[in-house]
Trainee: 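Okay, handing you the structure first.
Note: hydrogens, waters and symmetry copies are ignored here, and every other heavy atom, side chains too, is used. Given the structure is predicted, the values throughout are model-derived calculations rather than measurements. Sequence lines set the chain letters: A, B, ... in the order given, protein chains first and strands last, and positions in each chain run from 1.
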Protein chains: 2
Amino acid sequence: MMRRTTEVTMGDIARMAGVSESTVSRALAGSSLVAAKTRQRISEIARNANFSINEQARNLALKQTRTIEVIFPIERGTLQQVSDPFFVDMLAVLTDELGKHGYDVLMSRSPPWDEDRPGCAFLGARADGVIFVGQGRHRSDIRDFARKHGKVVVWGAVSPGDDYCVVGSDNVGGARMATTHMLQLGRKRIAFLGDTDLPEMRQRFEGYCDALKAHDLPIDESLVIHTPFDIEKAREVSQPFVELFPRFDGIFACSDMIAIAAIANLRQAGIKVPEDVSVVGFDDIPSSAHVSPSITTVHQRIHRAGMLMVERLMGILEGGAPEPVVIETELIVRQSCGAH
Amino acid sequence: MMRRTTEVTMGDIARMAGVSESTVSRALAGSSLVAAKTRQRISEIARNANFSINEQARNLALKQTRTIEVIFPIERGTLQQVSDPFFVDMLAVLTDELGKHGYDVLMSRSPPWDEDRPGCAFLGARADGVIFVGQGRHRSDIRDFARKHGKVVVWGAVSPGDDYCVVGSDNVGGARMATTHMLQLGRKRIAFLGDTDLPEMRQRFEGYCDALKAHDLPIDESLVIHTPFDIEKAREVSQPFVELFPRFDGIFACSDMIAIAAIANLRQAGIKVPEDVSVVGFDDIPSSAHVSPSITTVHQRIHRAGMLMVERLMGILEGGAPEPVVIETELIVRQSCGAH
DNA sequence: TTGTACGCGTTATCAA
DNA sequence: TTGATAACGCGTACAA
């Protein structure tokens with residue numbers, strides 16, 4: 001992985017082995033053009049000389065990078081707050097899956113469109129493709145970028161009009177299940193906690209509305225609370241909301257983090273979950289099974305998602321134009337809804 | 001970031017501007033050797049032609065990569081379980097800080113020593129330096145690697161004998177504070193939950209022992225429970241442990257995740273936290289403030305840690321040999337210990 | 001089966 | 001102030 005201070009090159013190996021560089025190149029690539037015996041000898045010498053190929057030079061010659069840029073459009077400065085375990089899991093899957101295809105992962109937090117690189121103001125060719133993990137507030141930027149550069153796969157809300165490849169959970173269906181579940185438990189006045197400016201959350205809001213409509217219930221705007229993703233702020237925002245009790249008897253939270261924050265505030269106000277209020281979250285982060293009360297939530301199939309994204313990106317790199325995918329979600333019933 | 005299908009090169013720009021490639025190169029690098037007027041004109045042309053420099057070729061010529069490899073020695077296949085928010089935060093800080101110095105981050109889960117790369121079996125020179133986020137069970141591997149390649153900074157347990165640069169929290173001090181705190185609250189029989197095979201956890205165990213000794217209390221081996229990091233397994237392991245109650249009245253958990261798992265098991269068994277048992281965790285993950293009861297824990301200064309690691313790595317790249325750092329920890333008192 | 005010669009896109013050295 | 005020319009380390013037609 002690392003450059004040694006005194007780099008040994010193919011030329012060195014060639015000299016040691018008394019052959020040409022080309023032969024070394026072929027031998028190390030496992031080409032059948034080179035005699036098995038020669039190949040073995042060269043491999044041996046290379047190993048002993050502690051030779052490691054210079055990927056940079058190799059890639060330059062091959063006109064490839066064997067690298068995929070993974071971009072998490074996470075707001076800057078929100079350390080200790082964006083800590084959604086979702087990201088680690090996704091990153092782990094992507095790293096593994098891309099690795100299987102021989103690709104490295106280049107991390108990025110600054111999207112390609114803010115061109116404030118040090119030195120020169122131009123974009124560099126550092127990756128063969130890009131994966132955006134989340135569209136956030138940058139939907140149109142991403143669309144422009146995708147149009148321009150092609151090799152892009154995006155995690156997020158899948159919409160009919162997308163002209164680039166998006167992979168995402170069935171947010172609408174998941175939210176509908178969650179809300180319907182509480183309605184079936186007899187809850188009537190269900191609040192929505194989330195940030196409807198984000199497309200993914202917008203879809204969850206739609207599912208929430210669907211469920212209410214299907215039960216002939218009106219949407220009470222005063223129970224739709226614009227709650228940020230970040231757990232600290234979520235707690236702040238849901239603080240005054242709690243005082244609306246008993247105007248609500250159920251909460252659909254757009255994420256488990258928000259659910260955890262809301263429950264903390266409810267308990268502090270002496271309101272019992274799930275006795276007084278049912279709560280359902282979204283994501284199924286590990287903690288959600290282990291906090292008390294454990295959280296009923298909508299499970300996102302992250303592993304499958306990561307695999308599909310990589311599979312699709314590979315398809316694009318091979319010249320295909322894979323279809324977007326909506327991944328089904330699943331309701332995990334635990335304690336916070338009061339079903340048990 | 002991405003390679004365009006038809007790449008425009010410096011040669012193209014040179015031709016358009018009617019100058020040589022060298023001049024273009026200098027102009028774009030902002031060299032004062034080139035006439036201000038020429039430089040302006042070339043910049044203009046490059047911008048219009050939508051030119052982006054090929055970092056690969058540039059780096060090859062410069063004999064650098066402007067990339068740091070960040071390795072998370074996370075066990076494979078432990079998806080949905082390693083989801084420690086700690087990692088996201090650390091990754092975010094590292095990405096930002098390295099970015100400030102003009103470095104990209106290359107993610108990795110497979111350490112350099114398992115040489116099972118596809119294609120050829122040799123390591124590639126892909127990065128100017130390596131940051132290991134955690135030593136895990138690979139301490140000797142890391143030491144070998146560091147000796148061989150030099151440009152390495154490691155996050156983890158700082159020990160006197162280290163011959164490479166380690167940055168880590170004051171695990172001993174943190175654990176001592178945590179344990180002492182419970183002792184001062186009148187707890188006498190404090191259990192330890194953690195994996196003492198990992199050097200970081202080993203240090204926390206030492207701090208735990210220190211505190212007990214300082215209070216003339218013996219170390220009850222039956223209350224030292226080998227608990228894995230992973231929250232699912234932590235819950236399994238701490239299940240039978242709970243039955244030992246009332247042989248213990250306090251728990252020092254090596255991580256907040258373990259603390260959360262243990263509290264869930266205690267509650268399920270009808271044991272109250274903090275009334276019956278005090279619990280203190282480690283890490284101060286965001287959830288720990290928002291679960292109920294909120295968790296008293298030892299805060300790790302992740303932001304500072306990331307900054308220091310990058311600062312030190314930069315020092316090494318410039319030929320220095322920076323000292324290891326131990327970062328002080330802080331006890332955050334919340335509900336689970338029973339102080340309030 | 002192996003070697004020669006050139007190209008990948010950029011930077012650096014030396015002249016001019 | 002600018003322009004040839006030679007690296008940088010490797011892959012690959014083409015020739016041998």
Trainee: Quick check on DNA chain D: between Ser22(A) and Ala57(B), whose nearest nucleotide comes earlier from the 5' end?
Mentor: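 On the 5' side of the pair lies Ala57(B).
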
Trainee: OP1 or OP2 of dG9(C) sitting under 4.0 Å from any side-chain N/O of Arg58(B)?
Mentor: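 For dG9(C), OP1/OP2 do not have a side-chain N/O of Arg58(B) under 4.0 Å.
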
Trainee: Just checking Ser25(A): base, sugar-phosphate only, or nothing, at a heavy-atom cut-off of under 4.0 Å?
Mentor: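 Counting heavy atoms under 4.0 Å across all strands, the contact made by Ser25(A) includes a base.
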
Trainee: Between the base of dT2(C) and the side chain of Thr38(A), is one N or O donor paired with an acceptor at under 3.5 angstrom?
Mentor: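 Between dT2(C) and Thr38(A), which were checked side chain against base, a qualifying N/O pair under 3.5 Å is absent.
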
Trainee: Look at the side-chain N and O atoms of Lys63(B) and state whether any lies under 4.0 Å from the OP1 or OP2 oxygen of dT10(C).
Mentor: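 Lys63(B) to dT10(C) OP1/OP2: no side-chain N or O under 4.0 Å.
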
Trainee: Determine whether Val152(B) and Phe132(B) make a side-chain contact, defined as any pair of heavy atoms from C-beta on separated by less than 4.5 Å.
Mentor: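 When only atoms from C-beta onward are counted, Phe132(B) and Val152(B) do touch, with a gap below 4.5 Å.
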
Trainee: Touch check for Leu62(B), heavy atoms < 4.0 angstrom, all strands: base, sugar-phosphate only, or nothing?
Mentor: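 Sugar-phosphate, backbone atoms only, no base.
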
Trainee: Answer with base, sugar-phosphate or nothing: what part of the nucleic acid does Thr9(B) contact at a heavy-atom distance below 4.0 Å?
Mentor: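 The residue Thr9(B) makes sugar-phosphate contact but no base contact.
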
Trainee: Touch check for Val19(A), heavy atoms < 4.0 angstrom, all strands: base, sugar-phosphate only, or nothing?
Mentor: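 Sugar-phosphate, no base atom in range.
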
Trainee: To the nearest Å, give me how far apart CG (Leu60(A)) and C1' (dC8(D)) are.
Mentor: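 Computing the Leu60(A):CG to dC8(D):C1' distance gives 9 Å.
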
Trainee: Is any side-chain heavy atom of Val167(A) closer than 4.5 Å to a side-chain heavy atom of Val154(A)?
Mentor: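 No. Closest side-chain heavy atoms not under 4.5 Å.
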
Trainee: Measure the shortest side-chain to side-chain distance between Leu94(B) and Ile131(B) over non-hydrogen atoms and say whether it is less than 4.5 angstrom.
Mentor: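 Yes, at least one pair of side-chain atoms sits under 4.5 Å.
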
Trainee: Looking at Arg139(A) and Ala157(A), what are the two nearest heavy atoms and their distance?
Mentor: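 Closest approach of Arg139(A) to Ala157(A): NH2-O, 3.9 Å.
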
